[in-house]
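Naming: A, B, ... by sequence-line order, numbering from 1 per chain. This structure is a prediction, so every number in the text was calculated from the model and none was measured.
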Number of protein chains: 2
Amino acid sequence: MPLRPFTLLPRRFQIRPFFPVDRGNANSARRALNCGAGEGIYHAGANGLAWRLTSGVVRLDNVSSASDASFASLAVPGDILGCETLLFGCYTFSATALTQCQLSPWPEGAGALAGESLLASLAQAQQRAAEVVALRGGQAADRVLGLIRLFTDSAGQVVLPTRQDIADITDLRFETISRIIKTLERTKVLLPIKVEGVHATRSFRVDLAATA
Amino acid sequence: MPLRPFTLLPRRFQIRPFFPVDRGNANSARRALNCGAGEGIYHAGANGLAWRLTSGVVRLDNVSSASDASFASLAVPGDILGCETLLFGCYTFSATALTQCQLSPWPEGAGALAGESLLASLAQAQQRAAEVVALRGGQAADRVLGLIRLFTDSAGQVVLPTRQDIADITDLRFETISRIIKTLERTKVLLPIKVEGVHATRSFRVDLAATA
DNA sequence: CGCATTTTTGATACACGTCAATCTCCGTGG
DNA sequence: CCACGGAGATTGACGTGTATCAAAAATGCG
């Protein structure tokens with residue numbers, strides 16, 4: 001029984017993202033996909049294509065019961081999402097865009113499944129695993145800084161996901177995240193900036209040198 | 001400057017495992033490899049073969065400076081280790097056997113690098129990442145139970161790594177691990193058993209039903 | 001047996017969790 | 001254009017699960 005996009009439950013008890021979108025036709029057309037922050041991309045148990053993430057950051061969740069989701073991993077540009085669907089016919093995890101995202105169907109071409117390309121993806125997946133593990137160890141402030149580093153673009157700007165998403169990734173509480181980010185603002189590590197279409201509390205200019 | 005196997009430093013500040021073994025010749029022969037618990041398999045920055053783990057559990061570490069190692073990930077039977085060496089010419093992580101381990105050179109055959117097999121390894125790597133992430137979230141006791149579940153064989157017996165290794169994996173302190181395991185013994189979840197060649201405090205019969 | 005390593009246990013401290021109130025942002029409709 | 005309402009963010013007061021420090025007890029090896 002699907003819930004409507006907006007429910008009475010606090011966010012952390014909601015069925016994670018809203019998945020009203022039926023991409024059935026779009027999928028079979030093998031077109032690139034654009035997702036806004038917070039949007040669901042696919043749901044565990046469903047079937048569909050595998051994707052390569054070309055921009056943005058995606059959150060993957062284990063979905064045990066229908067109404068419960070727990071953070072499993074992250075994907076950043078270059079990573080492959082949902083490749084298990086090619087083997088098992090359905091997705092193992094649910095995927096949600098944490099920032100504006102672009103995805104393209106994978107594998108890209110006829111010969112793409114062979115050799116080097118796939119090997120590189122495997123190495124990249126193992127690298128990613130280590131990075132995500134690192135976001136869940138050590139002092140709270142260091143975890144948040146690690147996540148900020150992961151989300152910051154080459155121009156030194158960052159669009160963060162909600163405090164609750166950051167909390168899920170780092171295994172902290174959203175109140176703790178809020179306190180840490182406010183402290184980073186006060187110490188000039190984060191400078192709030194205005195970005196079109198993004199919640200005012202989530203976009204910053206980053207000065208990681210100020211952490212030292 | 002390599003340290004001798006036994007140093008004055010407490011274990012958690014040591015260069016993680018001892019890597020005196022030069023496997024150069026054995027490697028080029030592409031023979032299967034056996035490792036005892038605690039033994040180093042390969043070291044970050046070195047070059048060598050990629051491996052498929054056929055039995056046991058392996059710990060992977062990020063090695064930043066020469067004398068510092070931080071937990072990065074786990075590998076269990078079926079997982080592929082060090083595949084990045086085929087691309088970059090050297091290992092990204094250091095690998096250490098947490099239990100008795102068997103490894104065989106990878107890829108196994110001429111055609112093994114193609115298609116399904118590699119795809120399955122990629123899916124498996126992503127699955128593993130989610131499991132390791134789960135070991136670093138939630139209450140301390142639940143993390144340890146999750147790790148015990150991961151190490152328990154089909155016969156319901158388990159050989160755990162040292163308290164310090166468990167602590168590194170779960171991002172807890174070894175004193176905390178010790179307390180939790182002792183409590184599990186007292187509540188009959190873990191029943192100490194004697195296993196040949198294994199430290200007495202590390203082998204148990206497991207009764208996970210007793211946790212409920 | 002004696003010593004190094006690992007584990008256990010106790011006392012105490014603190015980082016983060018919990019609960020609850022308030023505030024800010026932003027979309028919606030009068 | 002402004003009032004309204006809901007989601008998310010902030011802040012404070014207080015509690016607690018683990019960390020920390022220290023010392024003793026087990027285990028295994030030479």
Side-chain angles (χ1 to χ4, degrees), chain A residues 3-18 36-38 98 136-144 159-168 170-186 190 192-204, chain B residues 3-14 16-18 36-38 98 136-144 159-186 190 192-204:
Chain A
L3 293 187
R4 300 199 336 288
F6 303 108
T7 79
L8 298 174
L9 293 168
R11 181 188 171 103
R12 66 168 308 202
F13 298 113
Q14 285 179 32
I15 293 189
R16 240 212 119 279
F18 28 99
L98 289 178
R136 288 185 149 226
Q139 296 277 93
D142 295 327
R143 300 191 208 179
V144 176
V159 174
L160 295 175
T162 64
R163 304 290 186 263
Q164 182 61 56
D165 277 319
I166 299 177
D168 293 343
T170 55
D171 190 50
L172 298 164
R173 304 296 129 178
F174 68 91
E175 297 96 327
T176 304
I177 304 296
S178 179
R179 278 184 246 266
I180 290 171
I181 290 183
K182 256 298 175 231
T183 303
L184 291 175
E185 281 185 43
R186 284 193 266 264
L190 294 179
I193 55 175
K194 188 83 203 86
V195 171
E196 183 64 24
V198 170
H199 194 98
T201 57
R202 289 178 209 157
S203 47
F204 302 92
Chain B
L3 292 188
R4 301 200 334 288
F6 303 108
T7 78
L8 299 173
L9 294 168
R11 183 188 171 102
R12 67 168 308 205
F13 299 114
Q14 284 178 33
R16 248 215 114 273
F18 28 100
L98 289 179
R136 290 185 148 226
Q139 297 276 95
D142 295 326
R143 298 190 209 179
V144 175
V159 174
L160 294 176
T162 65
R163 305 288 185 263
Q164 183 61 56
D165 276 319
I166 300 177
D168 292 343
I169 295 167
T170 55
D171 191 50
L172 299 164
R173 303 297 130 176
F174 69 93
E175 297 97 325
T176 304
I177 305 296
S178 178
R179 279 182 245 267
I180 290 172
I181 290 183
K182 253 305 174 223
T183 303
L184 291 175
E185 280 185 44
R186 284 192 266 263
L190 294 180
I193 56 176
K194 187 82 203 90
V195 171
E196 183 66 22
V198 169
H199 194 98
T201 56
R202 290 176 208 161
S203 47
F204 302 92

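- Computed from coordinates, the A:Asp171 CG to D:dG17 C1' distance equals 13 Å when rounded to whole Å.
- Of the possible polar contacts, none joining the A:Thr176 side chain to the A:Leu172 backbone as a donor-acceptor pair under 3.5 Å is found.
- Atom CG of B:Asp165 is separated from atom P of C:dT5 by 16 Å (rounded to the nearest Å).
- Counting to the nearest Å, the C1' atom of C:dG17 and the CG atom of A:Leu172 are 10 Å from each other.
- Remark: B:Arg163 CZ to B:Lys182 NZ distance equals 8.0 Å, nearest 0.5 Å.
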Hey, what are the protein-to-nucleotides 9-12 of chain C N/O distances that come in under 3.5 Å?
| from | atom 1 | to | atom 2 | distance (Å) |
| --- | --- | --- | --- | --- |
| C:dG10 | N7 | B:Arg179 | NH1 | 3.0 |
| C:dG10 | O6 | B:Arg179 | NH2 | 3.1 |

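- Comparing the end axes of the helix from C:dC1-D:dG30 to C:dG30-D:dC1, each fitted to five base pairs by superposing C1' atoms of four pairs onto the next four, gives an inter-axis angle of 40° (nearest 10 degrees).
- We find that CG of B:Leu160 is positioned 13 Å from C1' of C:dT7, with the value rounded to whole Å.
- Atom CG in A:Leu184 sits about 11 Å away from atom P in D:dT10, given to the nearest Å.
- Of the possible donor and acceptor atoms, none in the side chain of A:Ser203 sits under 3.5 Å from a partner among the backbone N and O of A:Val159.
- Rounded to whole Å, the distance from CZ on B:Arg136 to P on D:dG17 is 22 Å.
- Phosphate proximity of C:dT7 to B:Arg202: present, with a side-chain N or O under 4.0 Å from OP1 or OP2.
- The distance from the CD atom of B:Glu175 to the CD1 atom of B:Ile180 is 11.5 Å, given to the nearest 0.5 Å.
- Separation of atoms CD (A:Gln164) and CD1 (A:Ile177) is listed at 9.0 Å; rounding is to 0.5 Å.
- Rounded to an integer number of Å, the gap from A:Ile181 CD1 to C:dT24 P is 18 Å.
- Rounding to the nearest 0.5 Å gives a distance of 8.0 Å between OG1 of B:Thr162 and CG of B:Leu98.
- Across all their heavy atoms, B:Lys194 and B:Val198 have their closest contact at NZ-O, 3.6 Å.
- Between atom CZ of residue B:Arg173 and atom CG of residue B:Asp168 there is a gap of 8.5 Å, rounded to the nearest 0.5 Å.
- With rounding to whole Å, A:Ile180 atom CD1 is found 14 Å from D:dA9 atom P.
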Contact list (N/O, under 3.5 angstrom) for nucleotides 23-30 of chain D vs protein:
| from | atom 1 | to | atom 2 | distance (Å) |
| --- | --- | --- | --- | --- |
| D:dG28 | OP1 | B:Ala200 | N | 2.8 |

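- At least one donor-acceptor pair closer than 3.5 Å links the side chain of B:Thr170 to the backbone N or O of B:Ile166.
- Look at A:Gln164 and you won't find any side-chain N or O under 4.0 angstrom from OP1 or OP2 of D:dA9.
- Across all their heavy atoms, B:Phe204 and B:Ile181 have their closest contact at CZ-CG2, 4.0 Å.
- When each of C:dA15, C:dG17, D:dA9 is scored by its nearest atom to the side-chain atoms of A:Arg173, the top-ranked nucleotide is C:dG17.
- The line from CZ of B:Phe174 to CG of B:Asp165 is 12.5 Å long, rounded to the nearest 0.5 Å.
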